[in-house]
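These notes concern the structure reproduced below.
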Amino acid sequence: MKELPKIYQPQEVENEIYARWEQGGFFNPDNINSEEKYCNILPPPNANGELHIGHASGYTVMDIFGRYHRMKGEKTLLLPGKDHAGIQTQVVFEKKLKTKTGKTRQEIGRQEFYKKTYEFCLDRADYMRSQEKKIGISADWSREKFTLDPDVLKSALETFVKMHEDGLIYKGKRIINWCPRCATALSDVEVLHKDSPGKLYFIKYPLENLQANFITVATTRPETMLGDTAIAVNPKDVRFAKLVGENAILPLQNRPIPIIADQRIDLAFGTGAVKITPAHDPLDWQIGKDHKLEEIQIIDEKALITEFGGKYAGMTTHEARQEIVSDLEKLGLLEKIEEFSHAVSICERCKTTIEPLTSKQWFINVDAENYSLKEQAKKAIEENLIEIFPSNLKKILIDWFGNMRDWCISRQIWWGPQFPVWYCDKCGQEKYIVSLEKPTSCPHCGGKNLTQDENTFDTWFTSGQWAHTTLKSHGNDFEDFYPSDMMVMGRDLLFFWSSRMIMMSLYATGKVPFNNLFFTGLVLDKEGHKFSKSRGNGIDPLTVIDKFGADALRMSLIMDSAPGQNSRLYEEKIETFRNFANKLWNISRYCLTQEGFELVEKISEEEIKTPADKWILYKLHLLIEDTERLFNGKQISVVADVLKTFTWNDFADWYVEFNKIEKSQKVLGYVLDKILRLWHPFMPFITEHIWTLAQQEKLLMISTWPTSLSNNATLLDGWQYVENFKAVITTIRNVRTENKIELDKKISIVINSDNKDFSNMIKSEFQEEIIKHLKTGADLISYNQPELELGNYIKRTAGAYTIFVNLEGAIDTEKEKIKAEKEIANLENFIAGLSGRLSNQEFVSKAPAQVINQQKETLAKKQAELAELKKHLESLS
RNA sequence: GGGUGAUUAGCUCAGUUGGCUAGAGCACUUCUCUUACAAAGAAGGGGUCACUGGUUCGAGUCCAGUAUCACCCACCA
């Protein structure tokens, strides 16, 4: 038989196995013949860096489901891709450009910058693809997509055109989130709120007609007062009731501004009077609209004070604030300054403070008359057209849609697709033409000089359509696979991505993008911190794979965690799964080196010979049923857990040991065959490797998924016997350890029982061999001798049997008495509880019969045990 | 301000439909290099399932509340 190394070396086989899978061609669903289909569109990572452990975590989940469904015979597509990741990639590449060539993007120009960034992304995509393969992802690389691939992009832009026709798109001057560093508008979800200590400034505004009096307002951003166009108070506020309709004089600017009433003003906050700066605050903007106030932009896109800021023009907002506060103080208009902690808006990408300002941008009306994106999405979730794991995120998503405001989709960056919008130099910016292709002439005036809108799309506009644009770009894939079965993503993408995909795909296709939405938690380090560059605690998936193998990495990413819960990753944890892989290797190594061993797909009744065979097959039968149920509930970590228990604690610890004495090679081959299949989705490399060593024909990857044995009671009758038998062995070992008896010292055993299958045991020489060999040190075994000199023996209950171990007078009777007394107390306690329950009329009448019977059986068993123990204690004294 | 999650062994975490005396890995104690495996095997110690009530014949599991921690959302200037 083959020479197999004692220790599994994943590094030596993984690459070769992956190459064989690829050559096999079965990553491509076109090569699988089946009516049943399964599709999982993989989230495209940002093509500007490398894969991190979070990607590996999500990919592992997707690949487990993909491989499971493929083995179930379904035409399975895992569709891979990469995202151009607008702002983030631009930031990354600009830095790279600066370091490498010392140039800025402005110095090389828009076209050149775009070209170079594109090349950079393709290069990163190549590298990341190689990483994905290392993890073992069984994706169809022939279908790999990039968000800027012409066909994918065209499909996404067509949606823009359709939306425009349907009145869902508008261009308008509205207040938006502006990042001065990125120099672009951002959508609401790209803005984070960070609580930070600040100050609340109380400023006195003189009243126009009552020179001696003031109205005091409170603000955290005094510099914005330069653009104030009103003061607002709550209409119910009696303090200010008579001032409404009057004018105040805006200090420093010396402009009269009206005092207005608006119910959105909180009476309890500050002074109850609020300065209104429509151009630089979202609420003020809304109030300004409603009261038809003038908007004065006093902060520009570089966060500098504009010409409308008078003497402060050209200052940064920070400088202006200091100057203004100091000037107000000199004028005696600064009433007081209070310490005040409030939420500051910052850019999600670069953490720069956001300046709200009014700007002309493109928006999606998410609640348009013709079609409400947000209502449709909400409805789809409410009606469970998409099942969400974990389910608590369902409500969060519904609420989010409920509060969603119009989505700003234009960005002033260079990296990303430009709007398919054209302007004629004669007609100007107001009369635009929406068209995928550049029009030959202006439809309004016939002018030939047309230029394209310079804005680029929010990256989530294109990735938000990924679920259908990818499939539409390849043959009949859309018809075959849409909607996909499952989408897996980190829960940090809940609002960014899952929400947009649901809205956009519903709109573009009329159907939900996927039937199941599965969120993974964050992968944290050992101390529970996020992995981050600044913390330097990153774990590189490739390093882990190199050290422990891809299977160990995969297992450590999905085990011990529930869907949507964060989990921690650290070396010791990965090690335990490396160890498990090695265990599986050695189990297989034992099997493969057995004379006449082969993997067996099907087993016949004649081949099931021993009680141990029945026992392991029964356990296997339960395992397969559990696996099926748990996979349906998407509980993959529990699947891996029950598989591990079976493999290690049932098969390796007991069945393999039995097999050393009592050969039943068909069953051994049958069970290992099932173990390899069941483990394959989780640990594809090692299982495929062992499979190959055991047989040469086809790949494990496309072998069929095990189904449970027909529950033939007579076929497997007698399996319980082995549980009793195991108890005998464990008890003997226990007695031995307790009494510190060396293993090489032989002892004699008496086993008593009136159990019906006990006669089988007496007849079986194999059983006796097994007891002797399974580390019990038992030498002489005799049966059914009720009258024993108990002083010489230690008596124990083992399952349905009573066993006596002869220690030849070496018993520490005091110790044994204490132990027996303790055990008796414990048992009496338990029996009292149990019989109490059984005599409770309510329990007996209401609990299911099965539960009652079970407890009755247990009670009888425990009472018998107690009686034996009491006799034992008596004999000891 | 609103919301979500967590709280189970020394540590990290599972726990499926509510059902027998609550599990795993690591760590710990003792023993063993027994021809699949010391990356292992054998035996063991370690728990008021955060707290308080409720529902139920029966609660780690369902409900209400409390506490602590973590995270998310938010136009309180």
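Every chain is numbered from 1 and lettered A, B, ... according to where its sequence line falls, protein lines coming before strand lines.
Between the side chain of A/R733 and the base of B/A42, no donor-acceptor pair of N or O atoms lies under 3.5 Å. Between the base of B/A14 and the side chain of A/Q635 there is no donor-acceptor pair shorter than 3.5 Å. Between the side chain of A/K6 and the base of B/U35, no donor-acceptor pair of N or O atoms lies under 3.5 Å.
The residue A/Q286 sits apart from the nucleic acid: no heavy atom pair falls under 4.0 Å. Heavy atoms of A/F580 sit nowhere under 4.0 angstrom from any nucleic acid atom. Contacts of A/A652 with the nucleic acid, taken as non-hydrogen atoms under 4.0 Å apart, include base atoms. Within the 4.0 angstrom heavy-atom criterion, base atoms lie near A/K862. Residue contacts shown for A/P390 are absent, as no nucleic acid heavy atom lies under 4.0 Å away. Residue A/T730 is in sugar-phosphate contact alone, with no base atom involved, counting any heavy-atom pair closer than 4.0 Å across all strands shown. At a threshold of 4.0 angstrom between heavy atoms, the contacts of A/K660 include nucleobase atoms, whether or not backbone atoms are also involved. Contacts of A/S588 with the nucleic acid, taken as non-hydrogen atoms under 4.0 Å apart, are absent.
Distance CD (A/Q9) to P (B/A39): 13 Å, rounded to an integer number of Å. In this structure, NZ of A/K726 is placed 11 Å from P of B/A43, rounded to the nearest angstrom.
A salt bridge does not link A/D653 with A/K726: every distance from a Lys NZ or Arg NE/NH1/NH2 to an Asp or Glu carboxylate oxygen is 4.0 Å or more. A salt bridge links A/R405 and A/D188; the closest N-O separation between the charged side-chain nitrogens and carboxylate oxygens is under 4.0 Å. Of the charged side-chain nitrogens involved, none lies within less than 4.0 Å of a carboxylate oxygen, so that A/R578 and A/D551 do not count as a salt-bridged pair. The residues A/D626 and A/R629 are annotated as salt-bridged, a charged nitrogen and a carboxylate oxygen being separated by less than 4.0 angstrom. Comment: A/E338 engages A/K336 in a salt bridge, judged by a side-chain N to carboxylate O separation of less than 4.0 angstrom.
Within a 6.0 Å sphere centred on NZ of A/K199, heavy atoms belonging to other residues, nucleotides or ligands number 12 at most.
A stacking contact between A/W585 and B/C37 is absent: the pair does not combine a ring-centre distance of less than 5.5 Å to the base's six-membered ring with planes differing by less than 30°.
Taking the C1' atoms as reference points, B/A22 lies 12 Å from B/A14, given to the whole Å.
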* **Per-nucleotide protein contact string for nucleotides 66-77 of chain B, where B marks a base within reach and S marks sugar-phosphate only (heavy atoms under 4.0 Å, - for neither)** => ------SSSBBB

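Pairing of B/U52, defined by two Watson-Crick or G-U wobble distances under 3.5 Å, is identified with B/A64. Pairing partner, B/G19: B/C57, with both Watson-Crick or wobble hydrogen-bond distances short of 3.5 Å.
Residue order along RNA chain B, read from the 5' end via each residue's closest nucleotide, puts A/N826 first among A/N826 and A/T737. Toward the 5' end of RNA chain B, the nearer of the two residues A/L393 and A/V844, judged by each one's closest nucleotide, is A/L393.
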* To do: Before giving the answer on salt bridge (Lys or Arg N to Asp or Glu O under 4.0 Å), spell out for A/K526 and A/E571 the whole-Å C-alpha distance, their side-chain angles and the decisive distance to 0.1 Å.
  => CA-CA 9 Å; A/K526 196 177 182 179; A/E571 282 220 347; over 6 Å; no

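Within the structure, a side-chain polar atom (N or O) of A/W648 is placed less than 4.0 Å from OP1 or OP2 of B/G41.
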Hey, can you pull the donor-acceptor pairs under 3.5 Å for the side chains in residues 268-281 of chain A, sequence neighbours left out?
{"from": "A/T271", "atom 1": "OG1", "to": "A/T216", "atom 2": "O", "distance (Å)": "2.5"}
{"from": "A/T271", "atom 1": "OG1", "to": "A/A273", "atom 2": "N", "distance (Å)": "3.2"}
{"from": "A/T271", "atom 1": "OG1", "to": "A/A273", "atom 2": "O", "distance (Å)": "3.4"}
{"from": "A/K275", "atom 1": "NZ", "to": "A/T224", "atom 2": "OG1", "distance (Å)": "2.7"}
{"from": "A/K275", "atom 1": "NZ", "to": "A/D228", "atom 2": "OD1", "distance (Å)": "3.0"}
{"from": "A/K275", "atom 1": "NZ", "to": "A/T277", "atom 2": "OG1", "distance (Å)": "3.0"}
{"from": "A/T277", "atom 1": "OG1", "to": "A/D228", "atom 2": "OD1", "distance (Å)": "2.7"}
{"from": "A/H280", "atom 1": "ND1", "to": "A/P356", "atom 2": "O", "distance (Å)": "3.1"}
{"from": "A/H280", "atom 1": "NE2", "to": "A/I298", "atom 2": "N", "distance (Å)": "3.0"}
{"from": "A/H280", "atom 1": "NE2", "to": "A/I299", "atom 2": "N", "distance (Å)": "3.2"}
{"from": "A/D281", "atom 1": "OD1", "to": "A/L283", "atom 2": "N", "distance (Å)": "3.0"}
{"from": "A/D281", "atom 1": "OD1", "to": "A/D284", "atom 2": "N", "distance (Å)": "3.1"}

